[in-house]
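Quick one: the structure is below, and I'll ask about it shortly.
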Amino acid sequence: MSLDREPEGGQALAVPSPEAPMDFLSILAQAAVDPRMDVAKMERLLDMHRVVTQEQRRVAFAAAMARLQGALPQIRKDGRIVVQGTERSRYARLEDIDTAIRPLLAAEGFSVAFDTETQGSGLLMTCKISHAEGHTETRSLFLPLDTQGAKSSVQGVGSTVSYGRRYLLKMLLGIVERGEDDDGNGGSQPITEAQAADMTALIEEVKADLGKFLVFMGVGAVKDILARDHKKAINALEAKRRAG
């Protein structure tokens, strides 16, 4: 506000400066004391304020996520799956992922929370990532309980939850495991069973057309995708997600 003119009585009259922006809350405050403002008009203004605020929060979330993804490192695959003394595959351990991303998430105002719900013979896992500005996004994944090996029922649940948290974090943040394109087995080999399961879940998540996707990849089934084409497939599915 500026004191631009003075009336005859000598009392200064406050006149809004033309360059001073009035935010939406100021408009609402003025409208609330205006006797000409009825309830319906006030509700429309409040609805408009909610829409504007939600969009501002979404934009802040997207900008922070773009910065975060530019800073995320590739995660080494130090976890090992060994069956009867033979190493079948490697993976990035949850604790290694957490160590790498936690300070980066905090720096950009992100927090992550997980929820688990039992459904039939499996678990529905949900990951929620929230930004300090107020916008939140979630991803869900249904997983059958891990009954491989000599695991007890409790161990099977723990293994399934750990896998689901790793996968959901990778999906939400676009995390890449170092060596993910060949899984240590040579680029001309098919992807592993775990990678095929991950990719099938991602296909369902982004609602991709499976037939068209397989034609694009030049294979007859997800399990036939070559290790060297793994990153290409994931990038295509993530592009589908962004395109909606």
Side-chain angles (χ1 to χ4, degrees), residues 58 61-62 64-66 68-70 72 74-75 77 79 81 89 91-94 97-98 100-101 105 110-131 135-146 148 156-178 180-181 183 190-227 229-244:
R58 188 195 67 78
F61 180 101
M65 180 61 71
L68 174 66
Q69 292 191 330
L72 286 172
Q74 292 186 355
I75 312 298
K77 302 170 74 169
I81 295 177
S89 62
Y91 62 94
R93 297 177 301 187
L94 181 60
I97 294 175
D98 180 76
I101 71 173
L105 288 171
F110 287 113
S111 61
V112 176
F114 294 90
D115 192 20
T116 304
E117 177 184 344
T118 302
Q119 288 194 358
S121 60
L123 298 175
L124 179 66
M125 295 197 61
T126 301
C127 179
K128 178 174 72 174
I129 182 166
S130 303
H131 188 244
H135 184 73
T136 296
E137 293 190 2
T138 61
R139 297 287 186 274
S140 296
L141 176 67
F142 177 79
L143 293 170
L145 289 176
D146 182 6
Q148 296 181 358
V157 170
S159 176
T160 303
V161 169
S162 177
Y163 175 85
R165 291 179 68 178
R166 287 191 291 111
Y167 181 80
L168 285 168
L169 281 173
K170 290 171 59 181
M171 183 168 61
L172 264 171
L173 302 178
I175 293 172
V176 175
E177 297 178 0
R178 190 176 304 166
E180 192 172 41
D181 57 341
D183 200 49
I191 58 176
T192 66
E193 291 183 9
Q195 288 175 323
D198 284 352
M199 196 171 300
T200 299
L202 183 56
I203 290 169
E204 295 175 358
E205 172 72 21
V206 303
K207 297 180 173 58
D209 185 303
L210 177 60
K212 291 181 179 179
F213 175 72
L214 295 177
V215 170
F216 170 74
M217 296 304 302
V219 295
V222 172
K223 65 181 179 62
D224 296 329
I225 294 173
L226 297 181
D229 293 330
H230 183 263
K231 185 175 292 186
K232 169 186 173 182
I234 295 297
N235 288 342
L237 292 171
E238 290 296 342
K240 164 67 176 173
R241 184 204 304 283
R242 291 191 294 271

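Residues: numbered from 1 along the sequence shown.
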Compare every heavy atom of Ala233 with every heavy atom of Ile225, then report the nearest pair and how far apart it is. CD1-CB, 4.4 Å
Under the rule for side chain to side chain donor-acceptor pair (under 3.5 Å), what residues qualify as partners of Thr136, not counting sequence neighbours? Ser130
Would you please name every residue forming a side-chain contact (heavy atoms from CB on, under 4.5 Å) with Ala100, sequence neighbours left out?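 Ala100: side-chain contact (heavy atoms from CB on, under 4.5 Å) contacts with Pro73, Ile75.
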For a side-chain contact (heavy atoms from CB on, under 4.5 Å) check, start with the C-alpha distance between Leu173 and Ile129, then their side-chain angles and the critical distance, and finish with the verdict. CA-CA 9 Å; Leu173 302 178; Ile129 182 166; 3.6 Å; yes
What I'd like to find out is whether the side chain of Val112 reaches to under 4.5 Å of the side chain of Lys128, using heavy atoms alone.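 With C-beta onward as the side chain, the pair stays apart.
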N/O donor-acceptor pairs under 3.5 Å from side chains in residues 209-216, not counting sequence neighbours:
from, atom 1, to, atom 2, distance (Å)
Asp209, OD1, Gly211, N, 3.0
Asp209, OD1, Lys212, N, 3.0

Who are the side-chain contact (heavy atoms from CB on, under 4.5 Å) partners of Ala208, not counting sequence neighbours?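 Ile203, Val206, Leu237, Lys240.
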Can you check whether Lys232 reaches Met217 side chain to side chain, under 4.5 Å on heavy atoms?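 Yes, their side chains come closer than 4.5 Å.
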Residues in ring-ring contact (aromatic ring centres under 6.0 Å, His included) contact with Phe61, at least two apart in sequence or another chain: Phe110, His135
Mind checking the CG-NE2 spacing from Leu105 to His131? Nearest 0.5 Å is all I need.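 Leu105 atom CG to His131 atom NE2 measures 10.5 Å (nearest 0.5 Å).
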What residues form a side-chain contact (heavy atoms from CB on, under 4.5 Å) with Ala221, not counting sequence neighbours? Lys223, Asp224
Might you work through the side-chain contact (heavy atoms from CB on, under 4.5 Å) test for Met125 and Arg165, ending with a clear yes or no? CA-CA 8 Å; Met125 295 197 61; Arg165 291 179 68 178; 3.6 Å; yes
With Arg139, which residues qualify under side-chain contact (heavy atoms from CB on, under 4.5 Å), at least two apart? Glu137, Leu168, Met171, Leu172, Glu205, Arg241
Set out, in order, the CA-CA distance, both residues' side-chain angles and the distance that settles side-chain contact (heavy atoms from CB on, under 4.5 Å) for Leu226 and Ile191, then state yes or no. CA-CA 6 Å; Leu226 297 181; Ile191 58 176; over 6 Å; no
Could you work out, with side chain to side chain donor-acceptor pair (under 3.5 Å) as the rule, every residue matching Arg93, not counting sequence neighbours?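 Listed in chain order: Asp96.
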For the residue pair Ile175 and Leu169, what are the closest heavy atoms and their distance?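 Ile175 and Leu169 have their closest heavy atoms at CD1-O, 3.9 Å.
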Could you tell me whether the side chain of Val222 reaches within less than 4.5 Å of the side chain of Gln195, counting heavy atoms only? no
Considering all heavy atoms of both residues, which atom of Arg166 and which atom of Ile97 are nearest to each other, and what is their separation? CG-CD1, 4.3 Å
Could you check whether any side-chain N or O of Ser162 sits under 3.5 Å from a backbone N or O of Gly158, counting only pairs where one atom can act as donor and the other as acceptor?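 The answer is no, because no donor-acceptor pair under 3.5 Å joins these two groups.
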Would you list the pairs meeting side-chain hydrogen bond (donor to acceptor under 3.5 Å, both in side chains) in which at least one residue belongs to residues 111-127, sequence neighbours left out?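 Every pair satisfying side-chain hydrogen bond (donor to acceptor under 3.5 Å, both in side chains) with a residue in residues 111-127: Thr126-Ser140.
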Close side-chain approach of Leu141 to Leu143, heavy-atom, < 4.5 Å: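 Heavy-atom side-chain distance check passes, below 4.5 Å.
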